[in-house]
*Asks:* 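There's a structure below that I have some questions on.
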Amino acid sequence: MLDIQLLRTQLDTVAERLASRNFVLDVVAFQSMEDERKTLQTRTQELQSRRNSLSKQIGMLKGKGEDASAVMAEVGGLGDELKSCEEQLGALQTRLNDFLARIPNLPNEAVPVGKDESANVEVRRWGTPRVFDFPVKDHADVGEPLGLDFDMGAKLAGARFSFLKGGMARLHRAIAQLMLDTQTGEHGYTECYTPYIVNPDVLFGTGQLPKFADDMFRVERGGEDGQTQYLISTSEISLTNMVKDCVLKAEDLPIKLTAHTPCFRSEAGSYGRDTKGMIRQHQFDKVEMVRITKPEDSYVALEEMVGNAEAVLQKLGLPYRVVALCTGDMGFSAARTYDLEVWLPAQNTFREISSVSNCEAFQARRMQARFKAETGKNELVHTLNGSGLAVGRTLVAVLENYQQADGSVVIPDALKPYMGGLEVLKPQA
RNA sequence: GGAGAGGUGGCAGAGUGGUCGAAUGUACCUGACUCGAAAUCAGGCGUAGGUGUAAGCCUACCGUGGGUUCGAAUCCCACCCUCUCCGCCA
């Protein structure tokens with residue numbers, strides 16, 4: 001959420017900066033709601049103030065045993081207008097809050113301006129794509145004889161689900177283990193195990209609600225009419241919201257958290273994209289990194305987190321590039337984002353495998369996550385998140401980059417300790 | 001699922017219709033004392049918002065949402081959460 005003061009004082013500048021990320025701010029609607037709010041709120045508070053002081057008088061008079069009926073009559077006359085003012089103000093504030101809640105974050109000044117992904121800026125590359133002396137297969141074709149079963153996924157749950165068995169399932173687990181061990185053992189993140197089902201206010205905190213409800217899976221409890229809950233679409237949600245409604249001590253910062261969780265996405269609106277294979281699934285695993293920092297530390301933290309994600313790709317020997325997203329390509333909550341794109345030989349291109357973002361105070365404001373600053377004032381923290389990495393897509397990259405002419409896949413050295421002696425995945429006869 | 005207890009400021013903990021935004025303790029900050037620290041003493045110390053150049057003034061907030069009332073932390077209704085015991089259960 002943006003600071004409403006910023007909208008009040010610099011509406012045009014804000015609108016301009018939002019336009020760079022393809023968001024049209026309805027300046028007229030905001031202005032008229034604000035004008036109405038101002039008069040309504042002033043009037044309501046005036047009336048409340050009047051009622052409070054008269055009521056106090058009644059208390060005092062009655063305490064002394066004197067007649068209070070004249071004052072009671074006066075305060076009684078306030079009732080109707082006060083009630084209507086309070087109702088109107090409440091309704092208006094709901095509208096205003098909803099309006100605010102749907103505005104994306106402002107891009108940081110450093111972000112390259114551009115309309116879509118074609119304006120993203122490559123920052124660096126690592127590794128050299130392998131040269132194959134046989135026809136390269138994509139991961140679906142490589143994986144099928146090795147235990148990657150899309151038909152079984154479809155049978156059990158429909159399209160965009162997969163079923164892994166044998167060495168393939170083991171490889172998937174090994175990848176997650178390597179990532180988690182790297183982030184906890186080498187980069188100082190605290191390992192967490194979190195709920196996969198969360199409450200709506202938690203999704204509001206990180207920005208998935210109210211605008212992106214269609215991207216989520218909703219769940220309801222059997223046998224009860226309770227509040228609707230949601231499956232997490234990333235553990236960024238459950239990790240970041242740890243500090244929701246908190247006033248942290250300055251010395252508690254930075255907080256560095258990681259978790260390996262499944263992620264659930266309805267993928268509404270992505271029909272026809274990446275329908276084949278494991279690139280875009282309704283359920284996938286991810287090792288997530290989250291940092292909660294002081295505002296002045298967040299951009300150093302962002303660069304570090306990109307490095308933390310890169311470390312995993314380097315261990316696996318997978319070529320990749322780092323891309324700075326342009327204004328038009330960033331997610332709703334991000335002020336600055338780097339994507340890591342891994343080399344996929346079958347597609348002969350780089351594909352996103354990690355996204356690392358600094359949300360600055362955008363999520364913190366929604367969550368009311370603050371810390372006690374040196375000045376004694378409570379200040380909003382900055383929140384950052386990034387994949388370290390997406391497990392399913394890493395599996396895809398390993399299958400494609402390590403495939404052999406005979407249809408087998410060599411296990412990268414870094415994964416061998418996690419594979420129980422298995423060094424090659426071989427097609428089952 | 002059944003029975004019971006409870007949710008108040010960073011924490012602990014009073015408060016059952018009227019100067020209660022809330023005693024007290026503790027933590028924290030400032031000052032005094034001290035060579036310094038501890039102890040002691042004095043003062044300060046919640047959050048969000050409105051308005052104002054500012055000092056300030058005003059509003060809301062005692063789990064959440066409704067209701068009763070001139071007035072609600074306090075009374076009524078619904079819900080949520082935590083804890084204890086019993087039942088069921090991986």
Side-chain angles (χ1 to χ4, degrees), chain A residues 1-9 30-31 33-101 193 195-205 209 219-230 238 241-253 255 292 361 364-381:
Chain A
M1 199 144 65
L2 299 182
D3 185 356
I4 193 165
Q5 301 294 353
L6 198 65
L7 284 155
R8 285 179 184 148
T9 54
F30 177 77
Q31 200 58 261
M33 279 192 282
E34 257 299 283
D35 292 344
E36 200 186 334
R37 191 222 93 230
K38 206 163 176 168
T39 51
L40 208 49
Q41 182 166 0
T42 311
R43 181 65 186 149
T44 305
Q45 292 187 351
E46 245 173 54
L47 289 167
Q48 285 171 330
S49 171
R50 186 95 189 110
R51 178 202 61 198
N52 289 347
S53 68
L54 290 174
S55 290
K56 265 182 189 170
Q57 277 183 39
I58 294 170
M60 280 192 291
L61 288 171
K62 289 205 166 171
K64 286 188 236 161
E66 291 172 24
D67 175 40
S69 56
V71 186
M72 283 177 75
E74 189 182 349
V75 76
L78 262 43
D80 287 346
E81 190 189 353
L82 180 56
K83 196 170 180 189
S84 114
C85 277
E86 280 176 340
E87 275 167 10
Q88 286 179 59
L89 183 62
L92 180 63
Q93 239 138 20
T94 304
R95 270 203 296 147
L96 202 51
N97 285 339
D98 189 64
F99 181 86
L100 269 181
Y193 172 82
Y196 303 154
I197 297 175
V198 295
N199 293 327
D201 58 323
V202 164
L203 292 175
F204 180 87
L209 288 183
V219 293
E220 268 152 41
R221 263 183 235 200
E224 298 179 28
D225 294 329
Q227 162 183 256
T228 299
Q229 295 180 304
Y230 294 83
S238 35
N241 275 285
M242 272 190 78
V243 297
K244 176 171 138 59
D245 294 321
C246 284
V247 180
L248 302 158
K249 295 188 190 123
E251 61 263 33
D252 293 338
L253 300 174
I255 295 172
I292 315 293
R365 189 171 292 106
R366 296 169 85 97
M367 295 189 294
Q368 281 303 304
R370 294 154 297 172
F371 74 104
K372 188 73 77 180
E374 284 75 6
T375 57
K377 289 271 176 218
N378 292 340
E379 266 186 61
L380 294 168
V381 297

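Here is the naming used below: chain letters follow the sequence lines, and residue numbers restart at 1 for every chain. These figures come from a predicted structure and were not determined experimentally. Keep in mind that the numbers below use all heavy atoms, side chains included, and drop hydrogens, waters and symmetry copies.
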*Asks:* Could you measure between the two C1' atoms, the one in B/C62 and the one in B/G17, and give it in whole Å?
*Replies:* 15 Å
*Asks:* Taking any heavy-atom pair under 4.0 Å as a contact, classify A/R365: base, sugar-phosphate, or nothing.
*Replies:* nothing
*Asks:* Quick one: does A/N97's side chain have a donor or acceptor within less than 3.5 Å of a partner on A/Q93's backbone?
*Replies:* yes
*Asks:* Measure from CG on A/L47 to P on B/G71 and round the result to the nearest Å.
*Replies:* 13 Å
*Asks:* Would you measure the distance from the P atom in B/G25 across to the matching atom in B/G18 and give it in whole Å?
*Replies:* 24 Å
*Asks:* Backbone N or O of A/A101 within a donor-acceptor pair of the A/R366 side chain at under 3.5 Å?
*Replies:* yes
*Asks:* What is the distance from CD1 of A/I58 to C1' of B/U19, rounded to the nearest Å?
*Replies:* 14 Å
*Asks:* Look at the side chain of A/T42 and the backbone N and O of A/K38, then say whether any donor-acceptor pair between them is shorter than 3.5 Å.
*Replies:* yes
*Asks:* Quick one: A/L40 CG to B/A60 C1', roughly how many Å, whole number?
*Replies:* 15 Å
*Asks:* Has A/M242 got more than 12 heavy atoms of other residues, nucleotides or ligands less than 6.0 Å from its CE?
*Replies:* no
*Asks:* Please name the nucleotide paired to B/G43 by Watson-Crick or G-U wobble geometry with both distances under 3.5 Å, or report none.
*Replies:* B/C29
*Asks:* Given that both distances must come in under 3.5 Å, which nucleotide forms a Watson-Crick or G-U wobble pair with B/U53?
*Replies:* none
*Asks:* Does B/G71 have OP1 or OP2 sitting under 4.0 Å from an N or O in the side chain of A/N52?
*Replies:* no
*Asks:* Taking the C1' atom in each of B/C70 and B/U19, what is the distance between them to the nearest angstrom?
*Replies:* 16 Å
*Asks:* Roughly, in whole Å, what's the span from CD in A/Q45 to P in B/U59?
*Replies:* 8 Å
*Asks:* Could you tell me whether the side chain of A/D3 and the main chain of A/Q5 form a donor-acceptor pair under 3.5 Å?
*Replies:* yes
*Asks:* Considering residues, nucleotides and ligands other than A/D35, do more than 12 of their heavy atoms fall under 6.0 Å from its CG?
*Replies:* yes
*Asks:* Quote, to the nearest angstrom, the P distance that separates B/A22 from B/A27.
*Replies:* 23 Å
*Asks:* Taking OP1 and OP2 of B/G49, is either one under 4.0 Å from a side-chain nitrogen or oxygen of A/R37?
*Replies:* no
*Asks:* Look at A/S49 and B/U59 and indicate whether a side-chain polar atom (N or O) is within less than 4.0 Å of OP1 or OP2.
*Replies:* yes
*Asks:* On RNA chain B, check which nucleotide each of A/Q93 and A/K56 is closest to and give me the residue with the more 5' one.
*Replies:* A/K56
*Asks:* For B/G1, give its Watson-Crick or G-U wobble partner with both distances under 3.5 Å, or none.
*Replies:* B/C86
*Asks:* For B/G65, give the paired nucleotide (Watson-Crick: N1-N3 plus N6-O4 or O6-N4; G-U: N1-O2 and O6-N3; both under 3.5 Å), or none.
*Replies:* B/C77
*Asks:* If you measure from the C1' atom in B/G9 to the same atom in B/A23, how many Å do you get, rounded?
*Replies:* 13 Å
*Asks:* Please report, rounded to the nearest Å, how far the P atom of B/U69 is from the CE atom of A/M72.
*Replies:* 11 Å
*Asks:* Could you state the atom-to-atom distance from CD of A/Q368 to P of B/G49 in whole Å?
*Replies:* 7 Å
*Asks:* Any sub-3.5 Å donor-acceptor pair from A/N241's side-chain atoms to A/V202's backbone N or O?
*Replies:* yes
*Asks:* Rounding to the closest angstrom, what is the interatomic distance between B/A60 and B/A72 at atom P?
*Replies:* 9 Å
*Asks:* I need the CG-P distance between A/L96 and B/G49, as an integer number of Å.
*Replies:* 13 Å
*Asks:* With P as the reference atom in both, quote the distance from B/U74 to B/G15 in angstrom, rounded to an integer.
*Replies:* 15 Å
*Asks:* Tell me whether the side-chain N/O atoms of A/K38 come closer than 4.0 Å to OP1 or OP2 in B/U51.
*Replies:* yes
*Asks:* Expressed in angstrom and rounded to an integer, what is the separation of A/D80 atom CG from B/U69 atom P?
*Replies:* 13 Å
*Asks:* Heavy atoms under 4.0 Å, any strand shown: does A/L54 hit a base, just sugar-phosphate, or nothing?
*Replies:* nothing
*Asks:* Find which nucleotide of RNA chain B each of A/V75 and A/D3 is nearest to by heavy atoms, and output the residue with the more 5' nucleotide.
*Replies:* A/D3
*Asks:* What nucleotide among B/U47, B/G18, B/G49 has an atom nearest to a side-chain atom of A/R370?
*Replies:* B/U47
*Asks:* Considering only the P atoms, how many Å lie between B/U59 and B/U40, rounded to the nearest integer?
*Replies:* 39 Å
*Asks:* Return no unless some side-chain N or O of A/R51 is found under 4.0 Å from OP1 or OP2 of B/A60.
*Replies:* yes
